[in-house]
Amino acid sequence: MDLNARLVAQRAAFAAEPWPSLAVRRSRLDRLLALTVDHEDQIVAAIDADFGGRSAHETRLAELFVVAGGIRHARAHLKRWSCTRRVPTALHFRPARNRLMPQPLGVVGIVSPWNYPFQLALGPCVAALAAGNRVMIKPSELTPCFSALLARLIAAAFDPDEVAVVTGGVDVGQAFVGLPFDHLFFTGSTAVGRQVAVAAAANLTPVTLELGGKSPAIVDRSADPVQAAERIAFAKLLNAGQTCIAPDYLLVPRGMARPMADHLAAAVRRLYPAMPETPDYTAILSPRHRDRLAALVEDARGHGAQVVALADPQRAGAKYPPTLILDATPAMRVMREEIFGPLLPILEVDDIDAAIAHVVAGDRPLALYWFGRDAGRRDRILRETHAGGVTINDCLWHLAQEDQPFGGVGASGTGAYHGEWGFRTFSHYKPVLDQPRLAGTALFHPPYGKRFDRLLALLRHM
Ligand code: NAD
C-alpha cells in the first residue's frame, strides 16, 4: 500500500473510532510492552548488526529499559491524563461552566534517526497511542536490520490501521513528511529538521522537532574533578558519543584543561579496561561517520590542537578511539559542528562570565551540564543560558525523568515529550464552555444602550 493510501486508511479507521476507550489504549500499550520485552534479544542483535558492534548492555539500558519504563508510566497515569478537567469560570460568566477536554489528534507521523533506533521510534509512539492516535513510523534507512525487524514486529502486534512502519531512504522520508498528518514528530539533525518544518508548513501540520546541537559541559572550580571526569566520560562514551545529549565539549577554568584530561584518561581506563576491543564500547555506525570524525581531528590538529587518543587507533577497527582535543579554538570544525562521536574538545575559560558568553554566543543547545558546588554560579548558569534540559553534577539523566518534559529550544528543537508531556503533544486540549438555559451573557446582546454601558462599566472595575 502506498504512503498516501496508508494515511487515508488510518484516517478512516480513526474516524470510525475517534475516541478510543481506556481499554483500547491500554491494549495498544500492552502490545507495545510485550513487543519490547519478548523480543529483547532480537532487538539487541539487529542493532548490533547495524552498528557493527553495539554494546548489548547499552541497548538494554538506553533503548529497551527506557521505552519499557515509559510504557509502564503511561499505562499507570493514562486515566488521569485523559480525564476532562473542570476549569474555573469567571464570576460574570457563571452559571456557565468551563471544562478542558484532551482529544486525540488523529493520525500522527513519526520520523526517527539511527542512533537510538528503538527508543526514538517507539518513545513518541507510546505517547501518541496513549493519547488515542493512529501512528505511522518512518525509521532510519541507516539501521536496515533494525528497521526491517521493527516493521515485522509492529505488523505482528498491530493492525496496520493502528500502527504502521514505513521503511525507505531519504526519498521516502521526504514523501512521508509531505503527508498531511495531524501531527508530525521528527527526531534528527537540525539541517533536516528545517526541511521537515518547511514541508509540514505546506499542510499546516503541527510539528515537534527533536534536533541536535553542541551540548556543553561546564566544570566549575568548586567541582570534584575526579567525579566530574568519570561522569563525563561515561556520558561521552555511551554509544561512542553518538548521542544527541552527549556532552559535546568541555569548558573548564583556566589552567584546568591538562589536569582534567588526566582525570578523563584515568576514568576511561577504569570504565573500559580493555579499550577499544571491549564489547562495552560501541562502534561508529558507518565508515562515512568514522571518516567524518577523523577529518574533524585532522582539522583540529591543523589548527594547532593537541590531540590525545585514549586507545590505539590501529586496534580500533569499526570503533573510534576516545580522543581528547586540547587547546581547541572556535576556528576548528570540531567547535563549530555537532561532533556525534567520542571526540571531546576541552576549552579553558577565565571565569563564569566567559563560560556564559561562550554558550550564549552559539545556537541554543539540547542539553547543558554543570559540575560544581557553588550555588550562586550554578544559578547564574541556569538563569543566563538556554538549553533544552539540564543535569547538574552529572550528564544525560534528565532524559530518563518521565515526570519532566524532554525537548530542545531554538535550534535544538521545538516541543517536548516523555510522560504527560508526550500525551499533551499528541492531544488537542479543547476548551468547552457549557452555557445553561438562563445566562447573563444575554445582557450583552443588542439593541445596545444604557444597560450595556452600565454593565461594561461595572465589569471594568471587577
Ligand atoms: P537525520 O536528520 O539525517 O535523519 C533522521 C531521519 O530523517 C531519518 O529517518 C532519515 O531517513 C530522515 N530524513 C533524512 N533526510 C530527510 C528529508 N530531507 N526529509 C525527510 N526525512 C528525511 O539524522 P540522523 O543522522 O539519523 O541522526 C542524527 C541527528 O539526530 C543528530 O543531529 C542528533 O543530535 C539528532 N538527534 C536528536 C535527538 C533528540 O532527541 N533531540 C535524538 C537523537 C538524535
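Atoms within a ligand are numbered from 1 in the order they appear, just like the ligands themselves.
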Gln401 vs His398, side-chain hydrogen bond (donor to acceptor under 3.5 Å, both in side chains): CA-CA, chis, key distance, verdict: CA-CA 6 Å; Gln401 309 308 310; His398 65 279; over 6 Å; no
When rounded to the nearest 0.5 angstrom, what distance separates [atom1] in [X] from [atom2] in [Y]?
X	Y	atom1	atom2	answer
Tyr249	Ile218	OH	CD1	7.0 Å
Asp291	Glu298	CG	CD	12.0 Å
Glu40	Leu64	CD	CG	5.0 Å
Asp363	Thr190	CG	OG1	7.0 Å

Just jot down the ligand 1 atoms closer than 4.0 angstrom to any heavy atom of [X], in number order.
X	value
Pro139	9 (O)
Phe406	40 (O)
Val192	2 (O), 13 (N), 14 (C), 15 (N), 16 (C), 17 (C), 22 (C)
Asn115	43 (C), 44 (C)
Val111	6 (C), 7 (O), 9 (O), 12 (C)
Leu120	42 (C), 43 (C)
Phe340	28 (C), 31 (C), 33 (C), 34 (O)
Lys138	9 (O), 10 (C), 11 (O)

Min side-chain heavy-atom separation [X]-[Y] under 4.5 Å:
X	Y	answer
Pro225	His263	yes
Asn133	Val107	no
Asp48	Phe51	no
Phe185	Cys125	no

Give yes if a backbone or side-chain nitrogen or oxygen of [X] is under 3.5 Å from a nitrogen or oxygen of ligand 1, and no if not.
X	answer
Glu141	yes
Ser112	yes
Thr190	no
Tyr417	no
Gly169	no
Leu211	yes
Trp114	yes

Can you tell me if CZ on Arg383 sees more than 12 non-hydrogen neighbours from other groups inside 6.0 Å? no
Non-hydrogen atoms of [X] versus ligand 1: any pair closer than 4.0 Å?
X	answer
Gly408	no
Phe176	no
Tyr116	no

One residue to check: Glu210. Relative to ligand 1, which of side chain, backbone, both or neither has a non-hydrogen atom less than 4.0 Å away?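 Both the backbone and the side chain of Glu210 come within reach of ligand 1.
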Please work out, at 4.0 Å between heavy atoms, whether the side chain, the backbone, both, or neither of Leu366 comes within that distance of ligand 1.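 Side chain only.
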Ion pair Glu402/Arg72, N-O distance below 4.0 Å: no
Quick test of your reading of the model: are Asp299 and Arg333 salt-bridged, counting only N-O distances below 4.0 Å? no
Minimum distance, heavy atoms only, to atom 29 (C) of ligand 1: which one of Ser189, Gly413, Ala121, Gly123 is it? Ser189
Minimum distance, heavy atoms only, to atom 30 (O) of ligand 1: which one of Gly173, Pro113, Pro124, Gly188 is it?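 The nearest heavy atom belongs to Gly188.
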For [atom], closest protein heavy-atom neighbour:
atom	value
atom 18 (N) of ligand 1	Gln195 OE1, 3.0 Å
atom 31 (C) of ligand 1	Glu338 OE1, 3.6 Å
atom 42 (C) of ligand 1	Cys244 SG, 3.0 Å
atom 5 (C) of ligand 1	Thr187 O, 3.7 Å

For residues 178-197, which residue pairs pass the salt bridge (Lys or Arg N to Asp or Glu O under 4.0 Å) check, not counting sequence neighbours?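 Of all non-adjacent pairs touching residues 178-197, those that pass salt bridge (Lys or Arg N to Asp or Glu O under 4.0 Å) are Arg11-Asp182.
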Please collect all salt bridge (Lys or Arg N to Asp or Glu O under 4.0 Å) contacts where either partner lies in residues 125-152, sequence neighbours excluded, each pair once.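 For residues 125-152, and leaving out neighbouring residues, the salt bridge (Lys or Arg N to Asp or Glu O under 4.0 Å) pairs sorted by first residue read Glu17-Arg134, Lys138-Glu141.
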Option passing side-chain contact (heavy atoms from CB on, under 4.5 Å) with Ile352 (candidates Arg380, Glu384, Arg378):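 For Ile352, the side-chain contact (heavy atoms from CB on, under 4.5 Å) check succeeds only for Arg380.
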Which word best sums up how the rings of Phe181 and Phe176 line up, parallel for under 30°, tilted for 30 to 60°, or perpendicular for over 60°? tilted
Distance flag for atom 2 (O) of ligand 1, protein heavy atom under 4.0 Å: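 Yes, because at least one protein heavy atom sits under 4.0 Å from atom 2 (O) of ligand 1.
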